[in-house]
Amino acid sequence: MADFDQWDEVSYVISSRYRVETLRRLSEGPATPSLIADDREMSIAHVSRALQELRESDLVDLLVSEDRKKGRVYDITEKGLDIWETIEQKNMA
């Protein structure tokens, strides 16, 4: 990944504390939106929006069928993990 692209992604993630906390939680392992919300003390609405935004950037994946409305499980992608490691190494979160 080009440095330029990576910094665009880093900037995108750190511009929202909800995206930061959602990615932080998923870096620990797969989770449902309600589990992320509980673990990070955020509203489910904020978590759901953050997951949608992170998915559109290919930083997280939905592990269950798109049709499933309850019990959706998400995980961080390889790209998401690279971005998260950069954020942590540079103390940006």
Side-chain angles (χ1 to χ4, degrees):
M1 179 182 299
D3 274 358
F4 185 75
D5 292 341
Q6 187 173 20
W7 286 109
D8 269 355
E9 300 283 358
V10 166
S11 170
Y12 178 70
V13 172
I14 65 174
S15 67
S16 159
R17 104 175 164 85
Y18 303 111
R19 287 193 289 261
V20 167
E21 289 304 320
T22 299
L23 209 56
R24 181 190 316 270
R25 173 55 188 81
L26 289 176
S27 73
E28 299 164 7
T32 61
S34 57
L35 188 58
I36 297 167
D38 290 347
D39 287 353
R40 296 295 178 230
E41 298 178 350
M42 299 188 299
S43 78
I44 192 81
H46 285 126
V47 171
S48 293
R49 185 175 318 118
L51 283 166
Q52 184 179 353
E53 293 164 350
L54 292 167
R55 244 185 112 191
E56 288 167 1
S57 297
D58 296 321
L59 301 180
V60 304
D61 269 339
L62 177 62
L63 300 181
V64 298
S65 162
E66 194 70 54
D67 302 335
R68 194 172 176 128
K69 296 303 173 209
K70 290 267 182 222
R72 291 177 136 214
V73 180
Y74 291 84
D75 197 10
I76 194 167
T77 62
E78 198 65 46
K79 178 181 171 187
L81 205 48
D82 287 346
I83 297 301
W84 180 248
E85 286 170 357
T86 300
I87 290 168
E88 282 215 305
Q89 286 166 358
K90 305 290 183 189
N91 288 323
M92 300 177 89

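One-based numbering along the sequence shown.
No hydrogens or angles considered: nothing links the side chains of E53 and S16 as a donor-acceptor pair under 3.5 Å.
L26 and I44 fall into different hydrophobic clusters, where Ile, Leu, Val, Met, Phe, Trp and Tyr are joined by side-chain heavy atoms under 4.5 Å apart, directly or via other members. Placement of V73 and L59 within a single hydrophobic cluster is found when ILVMFWY residues are connected by side-chain heavy-atom separations under 4.5 Å, directly or transitively.
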Test side chain to side chain contact (heavy atoms under 4.5 Å, CB included) applied to W84 and V10, step by step
CA-CA 8 Å; W84 180 248; V10 166; over 6 Å; no

Using side chain to side chain contact (heavy atoms under 4.5 Å, CB included), reason through L54 and T77 one step at a time and then give a plain yes or no.
CA-CA 10 Å; L54 292 167; T77 62; over 6 Å; no

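Note that CD of Q6 and OG of S11 are 12.5 Å apart. Values are rounded to the nearest 0.5 Å. Put simply, NE2 on H46 and CZ on R49 are 5.5 Å apart, with the number rounded to the nearest 0.5 Å. With values rounded to the nearest 0.5 angstrom, E41 atom CD is found 10.0 Å from E21 atom CD. To the nearest 0.5 Å, atom CH2 of residue W7 and atom CD1 of residue I14 are 8.0 Å apart. A distance of 7.0 Å separates NZ in K69 from CG in D67, rounded to the nearest 0.5 Å.
No side-chain donor-acceptor contact under 3.5 Å links T22 to the backbone of L51. Judged by distance alone, the side chain of T32 and the main-chain N or O of R72 form no donor-acceptor pair under 3.5 Å.
At a threshold of 4.5 Å between non-hydrogen side-chain atoms, the residues L35 and R25 count as touching.
L81 approaches S27 most closely through the heavy-atom pair CD1-CB, 4.3 Å. Heavy atoms only, all atoms of each residue included: I87 and A93 are closest at CG2-CB, 3.4 Å. The shortest non-hydrogen separation linking P30 to L63 is CB-CD1, 4.0 Å. Contact detail for I76 and L23: the closest heavy-atom pair is CD1-CD1, 3.7 Å. Contact detail for Y74 and P33: the closest heavy-atom pair is CE1-CG, 3.8 Å. The minimum heavy-atom distance between A31 and I36, with the atom names listed, is CB-CG1, 3.8 Å.
For the pair R19 and Y12, the cation-pi test (distance below 6.0 Å, angle within 45°) is passed.
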